[in-house]
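Notes follow the structure.
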Amino acid sequence: MTSDEFITGTVVMLHSFLQHHKSFRGDLVIIHDGLNSQSRAILEGHFPPLKFVSGSPVLSETLDRLVTANPAMESRRARFLSLEILKLSGYEKVLFCDSDLLFQGSVADLFASDAELICCGDAAVYRGNARDPVTFLEVAASTSNNAL
């Protein structure tokens, strides 16, 4: 998942992943929301063939409605493009990575796992908090049994 603003992070993430997974032969799929030609060229110049997937019109329209109803979500709009991963088909395993990751070792154990889904929390979780399911705002974990 990337945008023009995070191309440098995407290069670091992909490079560090490939450094620790030299035998990786899978697809590198870039989910984006309208990468410009310069950003695409940077990525294509550094990495093996990439597949680019842009946000679908249905998801974009839904996100537009979300932001209209809650303007504070504008800065988080691109995060929801990660939902496009659910539409990927033809893969046995999928590892979703944001562009702010730096791999410091192998994650081969994730690929070896038989689990159907493995997730990690966002920064709110690591601070001991949760997310309100309506507003998506960070809240104290103890404030609601319904918090995400």
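Since this is a predicted model, take the numbers as computed values, not measurements.
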Exercise: identify the closest heavy-atom pair between [X] and [Y]:
| X | Y | result |
| --- | --- | --- |
| Ala108 | Ser106 | N-OG, 2.9 Å |
| Met13 | Cys97 | SD-CB, 3.9 Å |
| Ser54 | Glu84 | O-CD, 4.3 Å |
| Gly128 | Ala141 | O-CB, 3.5 Å |
| Ala124 | Ala130 | CB-O, 4.1 Å |
| Arg25 | Lys22 | NH1-O, 3.2 Å |

State plainly whether one hydrophobic cluster holds both [X] and [Y], where clusters connect Ile, Leu, Val, Met, Phe, Trp and Tyr through side-chain heavy atoms under 4.5 angstrom apart.
| X | Y | result |
| --- | --- | --- |
| Ile31 | Leu35 | no |
| Leu28 | Val94 | no |
| Leu59 | Leu88 | yes |
| Ile85 | Leu43 | no |
| Leu83 | Phe52 | no |

ask   = With sequence neighbours left out, what residues match Phe24 under ring pair (Phe, Tyr, Trp, His ring centres under 6.0 Å)?
value =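 For Phe24 the ring pair (Phe, Tyr, Trp, His ring centres under 6.0 Å) partners, ignoring immediate neighbours, are Phe17.
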
Count the heavy atoms of every other residue, nucleotide or ligand shown that sit under 6.0 Å from [atom1] of [X], and state whether that count exceeds 12.
| X | atom1 | answer |
| --- | --- | --- |
| Lys93 | NZ | yes |
| His15 | NE2 | no |
| Phe6 | CZ | no |

query = Which pairs count as side chain to side chain donor-acceptor pair (under 3.5 Å) when at least one residue sits in residues 40-49, sequence neighbours excluded?
reply =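 Matches after skipping sequence neighbours: none remain.
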
note = Here the side chain to side chain donor-acceptor pair (under 3.5 Å) pairs for residues 107-126, sequence neighbours left out, are Asp122-Arg131

Would you give the length of the straight line joining atom [atom1] of [X] to atom [atom2] of [Y], rounded to the nearest 0.5 angstrom?
| X | Y | atom1 | atom2 | value |
| --- | --- | --- | --- | --- |
| Leu95 | Phe103 | CG | CZ | 5.5 Å |
| Ser60 | Leu81 | OG | CG | 6.5 Å |
| Thr10 | Glu5 | OG1 | CD | 10.5 Å |
| Ser99 | Met1 | OG | CE | 7.5 Å |
| Asn129 | Leu137 | CG | CG | 12.0 Å |
| Leu18 | Phe47 | CG | CZ | 6.5 Å |

ask   = Knowing that exactly one of Asp33, Thr62, Leu66 qualifies, which makes a side chain to side chain contact (heavy atoms under 4.5 Å, CB included) with Phe80?
value = Leu66

query = Leu117: what forms a side chain to side chain contact (heavy atoms under 4.5 Å, CB included) with it, not counting sequence neighbours?
reply =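 In terms of side chain to side chain contact (heavy atoms under 4.5 Å, CB included), with neighbours along the sequence ignored, Leu117 is linked to Cys119.
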
key: For Asp100, all residues meeting side chain to side chain contact (heavy atoms under 4.5 Å, CB included), sequence neighbours excluded   =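 If we apply the side chain to side chain contact (heavy atoms under 4.5 Å, CB included) test to Asp100, skipping adjacent residues, the hits are Asp98.
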
How about [X] and [Y]: do any of their side-chain heavy atoms sit closer than 4.5 Å?
| X | Y | result |
| --- | --- | --- |
| Gln104 | Ser16 | no |
| Leu14 | Ile30 | yes |
| His20 | Val107 | no |
| Val29 | Tyr91 | yes |

message = For His32, is there any backbone N or O sitting under 3.5 Å from a side-chain donor or acceptor partner on Thr2?
response =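 The answer is no, because no donor-acceptor pair under 3.5 Å joins these two groups.
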
key: Residue pairs fulfilling salt bridge (Lys or Arg N to Asp or Glu O under 4.0 Å) with at least one residue in residues 58-69, sequence neighbours excluded   = Asp64-Arg77

